[in-house]
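Below: the structure, in structure tokens.
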Amino acid sequence: MTPANKLKLNLVIAGMLGLFWYLDRPTPEAKAVYESVKLVDAPTPSAEFKLALPSGQNEKSWSLPSYIRDITASHPQATGAYILENGIEALLARAWLADHATSSIEVQYFIWSTDNIGTLASEALIRAANRGVKVRVIVDDLLIDAADKTLLALAKHPNVEIRIYNPKHRVGSHIGQRLWNIITDFKSSNQRMHDKVFVVDDVVAITGGRNMAAEYFNFHHESNFRDRDALILGTAVAEVKNNFENFWKHDLSVPVETIFANHRFMQKTVDVSDQEVQTIYQQLHAYAKQDENFDPQLKQAIRLIPQSFERIAQEMVWTQVDFIHDIPGKNRQEGLQGSGESTRALAALVRGAQKEIIIQSPYLVLSDKAKALLKETIERGVKIIVNTNSMASTDNLQAFSGYRNQREELLKMGLQIFEFRPDAESRGKLLTSPVIDKFKPAVFGLHAKSMVVDGKIAYIGTFNFDPRSENLNTEVGVVIHNEQLATQLANAIRTDMKAGNSWNAQSDDPDQFVGRSKRFKVWVMQLLPLRPIL
């Protein structure tokens, strides 16, 4: 088969897979979870969410920017970094910061769900906007499942702007358009914004693996992720903000109003009246007031955040932190290759390793370049240890099929690989929330993306070790040059690799712990030429 015909066949197969996958996704008009809330009177959302301030402060004199600047003043040329290992801690930090923002909130996410967590986050941003805070949101188009009218209503708030990155799949598109976009511009349709960034008042930022959905913060009833973020203060925050501005100004980030203003073939025009907008806001606020949706334990925990933040400030490590990122649109080369700045930065860290590299990634699908780099690194005498998902714990069978095709080769190269268990013993420590206590979800999967080099340099971010992160998705992350935090991160990953938390891919035959049906699905996917887009 000629290369041209092989490419055509690949595109046809990918298109068919895309069709089946998209048909199985919720539609953009999916019912919002808050719509069933009964409205009695217009709520007064600010009253119930009055939160405590740091000790010794009063409401008139205290502000988040001045509070953070007091902390950073002693470290004018450094960045403070703190690792958020626990989902509930990562959620509470975001909630408290949103409720105390004074001027601006900027957020970028690959996934923003309309589940409980996504809805409460939307409500928190509206409350901040009601206080006069300028809120700007960029969400990737691929997996957003918000109702069209909800998106438009949120964007109509005078202090809220929402932009959709590369809108070729969901917002303002129907299935036919999605498939046409895939067929006519396959690469562009696959170039997604995988960034996850939360910036408040230009003084504090959070970045890492967590999307805005329940399973990333220990609130899913059936399955949750072991994930990781970094909270940073100081000099690197400006780099995060600048990168957000680059995405905000880029043509690929399209305002919601612009998308819905365009004529949409075979779809009704989307518009919302002022009354509908107010009703949606009222429903959001009413939803957040109900104890079954926003547990009183959480509200109390948020009230205690100031004391926790004072502790975090004391525990924060001040050091050199580099924020690495890709440009909007990733690479300009033809085809599905080309890499980006994040890829090059992480490759440089690998090339500089002298003794040991520890990697934690939910997906492990190596391109030929990545394999060659790791092989060369191992031959230099550097030990490489990887913690990734097993077939039993993964949320992405397609990606696992790519890993399964390579697993034996990687083990023969000398990689030590440990596959995460869905029943990991560490769940008791890492999974804590009112939902966990009540529903006791069975599946625990890996979603953290981290790396430690020689016990001295730590990376925490969004980069999966696969061709999609290497060549197609924009990625971000922090590279922390500090032995203390690198050791802390390495110890956390080593704990995840212990026998009670992971299986040894070399000796334990992890695939035996899943049923025949699942193994058959993966085997079928292994036969397909999917690696460039995994």
Side-chain angles (χ1 to χ4, degrees), residues 81-87 89-91 93-95 97-98 105-113 115 117-118 121-122 124-125 135-145 162-166 191-200 204-219 224-232 236-237 239-248 253 321 323-328 330 340-342 345-346 360-363 395-396 445-451 459-466 468-469 472-480:
Y82 180 87
I83 300 176
L84 295 166
E85 293 281 4
N86 188 286
E89 183 182 37
L91 178 65
R94 286 170 168 87
L97 290 170
I105 299 175
E106 285 94 19
V107 293
Q108 273 179 279
Y109 281 105
F110 178 58
I111 297 174
W112 194 303
S113 177
D115 62 13
I117 293 300
S122 298
L125 293 182
V135 176
R136 292 188 293 170
V137 179
I138 310 175
V139 184
D140 187 82
D141 182 56
L142 184 64
L143 296 179
I144 190 170
D145 64 353
I162 302 175
R163 297 190 176 182
I164 307 299
Y165 183 83
N166 197 11
Q191 288 181 297
R192 311 313 319 169
M193 183 196 74
H194 200 233
D195 300 24
K196 301 165 183 70
V197 165
F198 181 80
V199 186
V200 178
V204 57
I206 298 175
T207 189
R210 292 182 173 97
N211 290 295
M212 193 52 65
E215 57 268 33
Y216 301 93
F217 296 96
N218 307 350
F219 276 82
N224 289 276
F225 286 123
R226 193 276 186 265
D227 217 327
R228 183 178 293 109
D229 289 322
L231 184 150
I232 60 172
V237 175
E239 300 173 41
V240 181
K241 176 66 178 283
N242 289 339
N243 186 58
F244 178 90
E245 294 291 350
N246 289 337
F247 273 84
W248 186 259
S253 298
V321 175
F323 179 70
I324 64 173
H325 59 88
D326 291 309
I327 61 173
K330 193 76 172 191
E341 295 305 317
S342 292
L346 293 175
Q360 189 168 51
S361 175
Y363 318 122
D395 67 317
N396 189 331
L446 182 63
H447 196 259
K449 305 100 166 36
S450 304
M451 182 169 72
Y459 166 77
I460 298 171
T462 67
F463 194 99
N464 296 309
F465 286 76
D466 59 20
R468 176 165 288 280
S469 284
L472 294 171
N473 290 349
T474 65
E475 308 288 354
V476 297
V478 288
V479 176
I480 306 170

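Remember, predicted model here, so these are calculated numbers, not experimental data.
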**Request:** Give, for atom CE of Met212 and atom CG of Leu125, the distance between the pair rounded to the nearest 0.5 Å.
**Result:** 8.0 Å

**Message:** Are Thr462 and Asn473 packed together at the side-chain level, in the sense that at least one heavy-atom pair is separated by less than 4.5 angstrom?
**Reply:** no

**Request:** With rounding to the nearest 0.5 Å, note down the distance linking CZ in Arg468 to CZ in Arg192.
**Result:** 8.5 Å

**Item:** Member of Asp227, Leu91, Asn224 meeting the side chain to side chain contact (heavy atoms under 4.5 Å, CB included) criterion with Phe217
**Value:** Leu91

**Prompt:** Which distance, rounded to the nearest 0.5 Å, do you find between the CZ of Phe463 and the OG1 of Thr474?
**Reply:** 11.5 Å

**Request:** Report the relative orientation of the aromatic rings in Phe225 and His447; use parallel for angles under 30°, tilted for 30 to 60°, perpendicular for over 60°.
**Result:** tilted

**Request:** Keeping the roles fixed (side chain from Asp115, backbone from Ala213), state whether a donor-acceptor pair exists under 3.5 Å.
**Result:** no

**Request:** Take the angle between the ring planes of Phe244 and Trp248 and call it parallel below 30°, perpendicular above 60°, tilted in between.
**Result:** parallel

**Request:** Assess whether side chain to side chain contact (heavy atoms under 4.5 Å, CB included) is satisfied between Phe323 and Ile232, documenting all intermediate values.
**Result:** CA-CA 10 Å; Phe323 179 70; Ile232 60 172; 5.6 Å; no

**side chain to side chain contact (heavy atoms under 4.5 Å, CB included) assessment of Val476 paired with Val197** = CA-CA 8 Å; Val476 297; Val197 165; 4.1 Å; yes

**Asked** Can you tell which of Ile144, Val107, Ile111 makes a side chain to side chain contact (heavy atoms under 4.5 Å, CB included) with Val139?
**Response** Ile144

**Request:** Measure up the Tyr165 and Phe247 rings against each other and bin them: parallel (under 30°), tilted (30 to 60°), perpendicular (over 60°).
**Result:** tilted

**Message:** Using the rule given for side chain to side chain contact (heavy atoms under 4.5 Å, CB included), can you reason through Arg94 versus Arg210, listing the C-alpha separation, both sets of side-chain angles and the distance that settles it, and then say yes or no?
**Reply:** CA-CA 11 Å; Arg94 286 170 168 87; Arg210 292 182 173 97; 4.2 Å; yes

**Prompt:** Are Glu341 and Glu475 close enough, and set up right, to give a side chain to side chain contact (heavy atoms under 4.5 Å, CB included), and what steps lead you there?
**Reply:** CA-CA 9 Å; Glu341 295 305 317; Glu475 308 288 354; over 6 Å; no

**Asked** Going by atom types only, do Asn211 and Tyr216 share a side-chain donor-acceptor pair under 3.5 Å?
**Response** yes

**Asked** If you measure from CG on Leu142 to CG on Asn166, what distance do you get to the nearest 0.5 Å?
**Response** 9.5 Å

**Request:** Check for a donor-acceptor pair, side chain of Asp141 on one end and backbone N or O of Ile164 on the other, with a separation under 3.5 Å.
**Result:** no

